[in-house]
Amino acid sequence: MYGDHVHHLLHRLRAEQLRREAAHRHRRTQLLRTRLGWRLVEVGLRLATPPGPVTS
């Protein structure tokens with residue numbers, strides 16, 4: 001049927017569009033996640049490291 005073919009075509013086009021948007025969004029958020037992760041590692045190391053001798 002003609003209507004089924006159009007519906008399938010529109011569905012496929014929308015799925016491709018969503019995949020492209022998801023890939024783009026993943027690239028943008030990956031950098032932010034990496035930076036945030038390293039910042040949390042840094043804070044955790046500071047909290048876990050015992051204070052050194054005080055120099056004046």
Side-chain angles (χ1 to χ4, degrees):
M1 293 171 80
Y2 180 74
D4 292 339
H5 175 69
V6 172
H7 175 76
H8 180 69
L9 177 64
L10 290 174
H11 175 72
R12 191 165 25 117
L13 290 173
R14 180 65 177 144
E16 290 173 9
Q17 179 185 15
L18 289 173
R19 283 188 194 102
R20 283 192 307 270
E21 289 175 8
H24 178 67
R25 187 171 296 129
H26 176 71
R27 284 190 298 266
R28 275 191 305 162
T29 59
Q30 192 64 33
L31 178 61
L32 179 62
R33 283 180 172 184
T34 302
R35 289 173 55 195
L36 177 61
W38 281 112
R39 184 68 61 176
L40 290 172
V41 167
E42 181 183 352
V43 169
L45 288 173
R46 286 183 183 186
L47 290 172
T49 304
V54 178
T55 58
S56 45

For a 4.5 angstrom cut-off between non-hydrogen side-chain atoms, does H5 reach H8? no
Side chains of R12 and L9 in contact at under 4.5 Å (non-hydrogen atoms):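 Yes. Closest side-chain heavy atoms under 4.5 Å.
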Test side chain to side chain contact (heavy atoms under 4.5 Å, CB included) applied to T49 - qualifying residues, sequence neighbours left out: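 Side chain to side chain contact (heavy atoms under 4.5 Å, CB included) check on T49 returns nothing, list empty.
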Residues which pass side chain to side chain donor-acceptor pair (under 3.5 Å) with E16, listed by chain and number, not counting sequence neighbours: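 E16 satisfies side chain to side chain donor-acceptor pair (under 3.5 Å) with no residue once adjacent residues are dropped.
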CG of L40 to CZ of R35, rounded to nearest 0.5 Å, is 12.5 Å
Evaluate R14 against Q17 for side chain to side chain donor-acceptor pair (under 3.5 Å), listing each step before the verdict. CA-CA 5 Å; R14 180 65 177 144; Q17 179 185 15; 2.9 Å; yes
Applying a strict under-4.5 Å side-chain criterion to I, L, V, M, F, W and Y, I'd like to know whether L36 and V41 cluster together. no
